[in-house]
Amino acid sequence: MFKRQHLLWLSVLTLLAGACTGDEENVAPTEDNERITTVALEFTSKGSTVETITATIDGLSADGTQPNSASATVLLKPNATYSMRILLSDKTKTLTTDISAAIKAEANEHLVVYKPSTGLNMTVAPNDRDTNPTPGPYPIGLTADVTTGAASTGKLNVVLRHQPNVKNGTATPGTSDLDVNFDVMVK
């Protein structure tokens, strides 16, 4: 009996020792997505008259998606330019957490993507960059320049991509921390 137990323990130890190789050091750590309950877009006009317009979507789902009851409308002037910044927060804790600051701190792993719907005369060009090495740096998207054209209406889709160790300047790799739509009226 002792011999069987001894052999069993020896087999278990051999398996465990074989499992503990240097390969484990190369395994990418799992990183949780950001928890975002509120997203606001703040537009500041460029020109002789400075005006700030803020649109906020509150009450986002735990996965950063937009319930039907959560919406916001942005009213912008035609043929105008704006500086825009996105403000992200988590209001599920006693003290609201500034997720924008966390994204900035982890800029090499995040990308905010702005997609105006077809027919919406608006362009969004992120103007902040991360510190990824060549071929980077890549856009972050916490701040952007916005240009409007002729009067139009549509939606601005805002997606925050979480891209640890795979960021390449495109929206494809990674997972989404946020995926919302703002109604936009250019008039």
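What you are looking at is a predicted structure, and each value in this text was computed from that prediction instead of being measured. In what follows, residues are counted from 1 in the order of the sequence shown.
- Partners of D128 under the salt bridge (Lys or Arg N to Asp or Glu O under 4.0 Å) rule, at least two apart in sequence or in another chain, do not exist in this structure.
- For the pair G47 and V50, the tightest heavy-atom approach, listed with the atom from each and the gap, is O-CG2, 4.1 Å.
- Listed here is the closest heavy atom pair of N108 and T131: OD1-N, 2.8 Å.
- Scanning all heavy atoms of the two residues, the minimum distance from V159 to S176 falls at CG1-OG, 3.6 Å.
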task: Would you sort out whether F43 and L76 count as a side-chain contact (heavy atoms from CB on, under 4.5 Å), showing the intermediate values?
output: CA-CA 9 Å; F43 298 84; L76 301 175; 4.0 Å; yes
Tell me which donor-acceptor pairs under 3.5 Å the side chains of residues 167-175 have, and how far apart each pair is, sequence neighbours excluded?
unit_1: K167; atom_1: NZ; unit_2: A107; atom_2: O; d: 2.9
unit_1: K167; atom_1: NZ; unit_2: H110; atom_2: O; d: 2.5
unit_1: K167; atom_1: NZ; unit_2: D130; atom_2: OD2; d: 2.9
unit_1: K167; atom_1: NZ; unit_2: P139; atom_2: O; d: 3.0
unit_1: N168; atom_1: OD1; unit_2: T170; atom_2: N; d: 3.0
unit_1: N168; atom_1: OD1; unit_2: T170; atom_2: OG1; d: 2.6
unit_1: T175; atom_1: OG1; unit_2: N33; atom_2: OD1; d: 3.1
unit_1: T175; atom_1: OG1; unit_2: N33; atom_2: ND2; d: 3.0

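- Pairing each heavy atom of L41 with each of Y114, the nearest pair is CD2-CE2, 4.3 Å.
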What donor-acceptor contacts under 3.5 angstrom involve side-chain atoms of residues 147-155, with partners at least two apart or in another chain?
unit_1: T148; atom_1: OG1; unit_2: K77; atom_2: O; d: 2.6
unit_1: T148; atom_1: OG1; unit_2: N79; atom_2: N; d: 3.2
unit_1: T148; atom_1: OG1; unit_2: A80; atom_2: N; d: 2.9
unit_1: T148; atom_1: OG1; unit_2: A80; atom_2: O; d: 3.3
unit_1: S152; atom_1: OG; unit_2: N121; atom_2: N; d: 2.9
unit_1: K155; atom_1: NZ; unit_2: D183; atom_2: OD1; d: 2.3

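- Of all the heavy atoms in T56 and A40, the pair that sits closest is OG1-CB, 3.5 Å.
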Derivation and outcome, side-chain contact (heavy atoms from CB on, under 4.5 Å), residues L156 and V74: CA-CA 9 Å; L156 176 62; V74 179; over 6 Å; no
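- For the salt bridge (Lys or Arg N to Asp or Glu O under 4.0 Å) condition, no pair includes a residue of residues 132-143, sequence neighbours left out.
- Among residues two or more places apart in sequence or in another chain, the side-chain hydrogen bond (donor to acceptor under 3.5 Å, both in side chains) test is passed with D179 by N157.
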- request: Start with the C-alpha distance between E109 and Q163, add both sets of side-chain angles, then the distance that settles side-chain contact (heavy atoms from CB on, under 4.5 Å), and finish with yes or no.
  value: CA-CA 5 Å; E109 301 176 357; Q163 304 176 316; 5.7 Å; no
Would you give me the side-chain donor-acceptor pairs under 3.5 Å for residues 93-104, sequence neighbours excluded?
unit_1: K93; atom_1: NZ; unit_2: D90; atom_2: OD2; d: 3.0
unit_1: D98; atom_1: OD1; unit_2: S100; atom_2: N; d: 3.0
unit_1: D98; atom_1: OD1; unit_2: A101; atom_2: N; d: 3.3
unit_1: S100; atom_1: OG; unit_2: I86; atom_2: O; d: 3.4
unit_1: S100; atom_1: OG; unit_2: L88; atom_2: N; d: 2.7

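- Applying the salt bridge (Lys or Arg N to Asp or Glu O under 4.0 Å) definition to pairs two or more places apart or across chains, none involves residues 117-126.
- Not a single side-chain hydrogen bond (donor to acceptor under 3.5 Å, both in side chains) links T134 to another residue, sequence neighbours left out.
- With sequence neighbours excluded, no residue satisfies salt bridge (Lys or Arg N to Asp or Glu O under 4.0 Å) with R129.
- Its side chain within the 4.5 Å cluster rule, L75 clusters with M185 among the Ile, Leu, Val, Met, Phe, Trp and Tyr residues.
- For S71, there are no side-chain hydrogen bond (donor to acceptor under 3.5 Å, both in side chains) partners at least two apart in sequence or on another chain.
- Shown here are the salt bridge (Lys or Arg N to Asp or Glu O under 4.0 Å) partners of K46, two or more places apart in sequence or in another chain: D145.
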